[in-house]
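Below is one structure, written out as C-alpha cells; comments come after it.
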Amino acid sequence: MSRRALAALAAGGLVAALAACATNDPAAPAPSSAAVYPVTVGSVTLPAQPVKIVSLSPTLTEMLYAIGAGGQVSAVDDNSNFPANAPKTELSGFQPNAEAVAAKSPDLVVLDTDANNVVAQLTTLKIPVYVAPAAVTLDDTYRQLTELGTLTGHTAEATALTGRLKDDIAKLVKDLPKRATPLSYYYELDPTLYSVTSKTFIGSLFELAGLKNVADAADTKGSGYPQLSAESLIKSNPDLIFLADTKCCKQSLDTVKTRAGWAGLTAVSKGQVVALDDDIASRWGPRVVDLVRAIVDAVNKVPA
C-alpha cells in the first residue's frame, strides 16, 4: 500500500482463530444466544440481525470474521484480503460509490472513513452505516470489536476476543528484558522515509515494548507521520529498523544496505532490520497481536 494509505489506516493463536472463523457457512449466521434486537450503537439502530453486511474497510472485515460474523458478510472492498475467502469485490473504501454499495442490497455497511460523503448518501437511502475511524489506542480496537459484536449479534464472541487480545499482549510484553538504556527504533512507511511517531496507534505498540522512537523529534507539525531526512536518520543511528513497506515497495535488509550511509547503522550492521507484513502493520484489527509479537521478538534478539 502507499504511504498515504498506510497513514490513513494508521497496525500465532489468533491467526488460527481467524482461520476458523473464516470457515463459517455464509448461509448460516450464528448469532450469540443472548442477541436481542433492535440494537443501537451510537447513531446506528438495527431492527434485526444483519445478514448482508458490506465492509469497505480491510480492518473491519478482519474484525467481523474474528468475532464470528463472517457468514453475514456479503461483500467487501477491493483491499480486504484477509481472510482469503472474504467476498472481495470491486468496491472501493478509498473512493466509495454509494450507488455501487447500495446495489449490493446491504442491511449494514461498515467503513472507517467518510470519503465522498458516502455516509450521508447511504443514510438517505435508508441503509444503516457504522463508521469506525482508525484507532489511536488499543482501547479503540477493543471498543470497535465490542460495537461490531453488538450490531451483528456476536456480543459474547467479541467480548471473548477482546479478552484474549488483552491477555496475549500483556503476556508478550511482561517478560521483556530490563535495559538501562531503551533501545531506539525507526519504523518505515515507505522508502522516502515517512515514519510514525509515538503518538500514533502503531507508535503506542512500540511504547509497550519500551522502545524509543527516533521519528518523534522530526514531527515538527504534529501530524504523527513525519518525513525524516536521510541525514537525521543516520545521525540517530537506531538499534532496530522495522520495515512496513516490504510488499508495496519490496524493501528488505538487502535493499536498505545499499542506501547511502545505511550500511554503518547499528540496526543494519547487526542485522536488526525487521521485515513486517504491510497489511498487519497498517491495520488496527485483531491481528495487532501479530505485530506486537514481531516487535517483542525483535527486542528479545538484541542482547540486554
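Worth knowing before you read on, the calculation uses all heavy atoms, side chains too, and leaves out hydrogens, waters and symmetry mates.
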>> Please determine whether the number of non-hydrogen atoms from other residues, nucleotides or ligands lying under 6.0 Å from atom NZ of K88 exceeds 12.
In response: yes
> So, T246 versus D278: side-chain donor-acceptor pair below 3.5 Å or not?
Replying inline: yes
>> Quick check on side-chain contact (heavy atoms from CB on, under 4.5 Å): which of P238, S184, S198 does N213 satisfy it with?
In response: S198
>> Tell me the closest heavy-atom pair linking S92 and D78, and the distance in Å.
In response: CA-OD1, 3.9 Å
>> Less than 4.5 Å apart, side chain to side chain, heavy atoms only: is that true for L243 and V256?
In response: yes
>> Regarding R259 and E188, does a basic nitrogen lie under 4.0 Å from an acidic carboxylate oxygen?
In response: yes
>> Nearest 0.5 Å, please: how far is OG in S282 from CZ in F201?
In response: 11.0 Å
> E147 and Y130: side chain to side chain donor-acceptor pair (under 3.5 Å), yes or no, with the steps?
Replying inline: CA-CA 9 Å; E147 291 177 348; Y130 170 73; 2.6 Å; yes
>> Tell me every residue that passes salt bridge (charged side-chain N to carboxylate O under 4.0 Å, His left out) with D114, counting only those two or more places apart in sequence or in another chain.
In response: none
> Which atom names give the shortest non-hydrogen contact between L240 and F242, and what distance separates them?
Replying inline: CB-CE1, 3.7 Å
> Going through the distances and angles, do T200 and T197 end up as a side chain to side chain donor-acceptor pair (under 3.5 Å)?
Replying inline: CA-CA 6 Å; T200 63; T197 69; 5.0 Å; no
>> Using side-chain heavy atoms (C-beta onward) and a distance below 4.5 Å, is T255 in contact with K250?
In response: no
> Is there a path of hydrophobic side-chain contacts, each under 4.5 Å between heavy atoms of I, L, V, M, F, W or Y residues, that connects L228 with L211?
Replying inline: no
>> Tell me the closest heavy-atom pair linking K104 and V54, and the distance in Å.
In response: CB-CG2, 3.9 Å
>> Using 0.5 Å steps for rounding, measure from the CG atom of D140 to the CG atom of L145.
In response: 11.0 Å
> Taking atom CG of L148 and atom CZ of R143, what is their separation to the nearest 0.5 Å?
Replying inline: 10.0 Å
> Nearest heavy-atom pair of T159 and T162: which atoms, and what distance?
Replying inline: O-OG1, 2.9 Å
>> Quick one, T45 with V39, criterion side-chain contact (heavy atoms from CB on, under 4.5 Å). Give me CA distance, side-chain angles, the key distance, then yes/no.
In response: CA-CA 6 Å; T45 297; V39 298; over 6 Å; no
>> Any donor-acceptor pair under 3.5 Å linking the side-chain atoms of D139 with those of T137?
In response: no
>> Show, in sequence, the C-alpha distance, side-chain angles and deciding distance for L291 and R283, and conclude whether the side-chain contact (heavy atoms from CB on, under 4.5 Å) test is met.
In response: CA-CA 10 Å; L291 179 54; R283 299 174 190 175; over 6 Å; no
> Hey, is D290 close enough to R293 for a salt bridge, meaning N to O under 4.0 Å?
Replying inline: yes
>> Go through it in stages, so that I can follow the logic: the residues are S252 and D254, the test is side chain to side chain donor-acceptor pair (under 3.5 Å), and I'd like the CA-CA distance, side-chain angles, deciding distance and then a yes or no.
In response: CA-CA 5 Å; S252 65; D254 289 337; 4.8 Å; no
>> Could you check whether D279 and N81, counting side-chain N and O atoms only, form a donor-acceptor pair closer than 3.5 Å?
In response: yes
> Applying the 4.5 Å side-chain criterion to the ILVMFWY set and letting contacts propagate, would V131 and F94 be lumped into a single cluster?
Replying inline: no
>> Can you tell me how far apart NZ (K199) and OH (Y225) are? Round to the nearest 0.5 Å.
In response: 13.0 Å
>> For Y186, give me all partners under ring-ring contact (aromatic ring centres under 6.0 Å, His included), at least two apart in sequence or on another chain.
In response: none
> What are the two closest heavy atoms between K178 and A304, and how far apart are they?
Replying inline: O-CB, 4.5 Å
>> Parallel, tilted or perpendicular: which one describes the rings of F206 and Y185, with boundaries at 30° and 60°?
In response: parallel
>> Quick check: closest heavy atoms across S229 and L193, and the distance to 0.1 Å?
In response: C-CD1, 3.9 Å
> Step by step, would you call L122 with V101 a side-chain contact (heavy atoms from CB on, under 4.5 Å)?
Replying inline: CA-CA 8 Å; L122 292 173; V101 173; 4.1 Å; yes
Which pairs would a plain distance check flag for residues 263-275, meaning a side-chain donor or acceptor within less than 3.5 Å of a matching protein atom at least two apart in sequence or in another chain?
unit_1	atom_1	unit_2	atom_2	d
T266	OG1	N237	OD1	3.3
T266	OG1	N237	ND2	3.0
S269	OG	L265	O	3.0
S269	OG	T266	O	3.3
Q272	NE2	D239	O	2.7

> Can you find a pair of side-chain heavy atoms, one from L46 and one from T40, that are under 4.5 Å apart?
Replying inline: no
>> For the backbone of A100 and the side chain of N97, can you confirm whether one donor and one acceptor N or O come within less than 3.5 Å of each other?
In response: yes
> V118 and side-chain contact (heavy atoms from CB on, under 4.5 Å): which partner among L111, T123, T113, V129?
Replying inline: L111
> Run the side-chain contact (heavy atoms from CB on, under 4.5 Å) check on L138 and L208 step by step: do they pass?
Replying inline: CA-CA 11 Å; L138 279 169; L208 288 175; 3.8 Å; yes
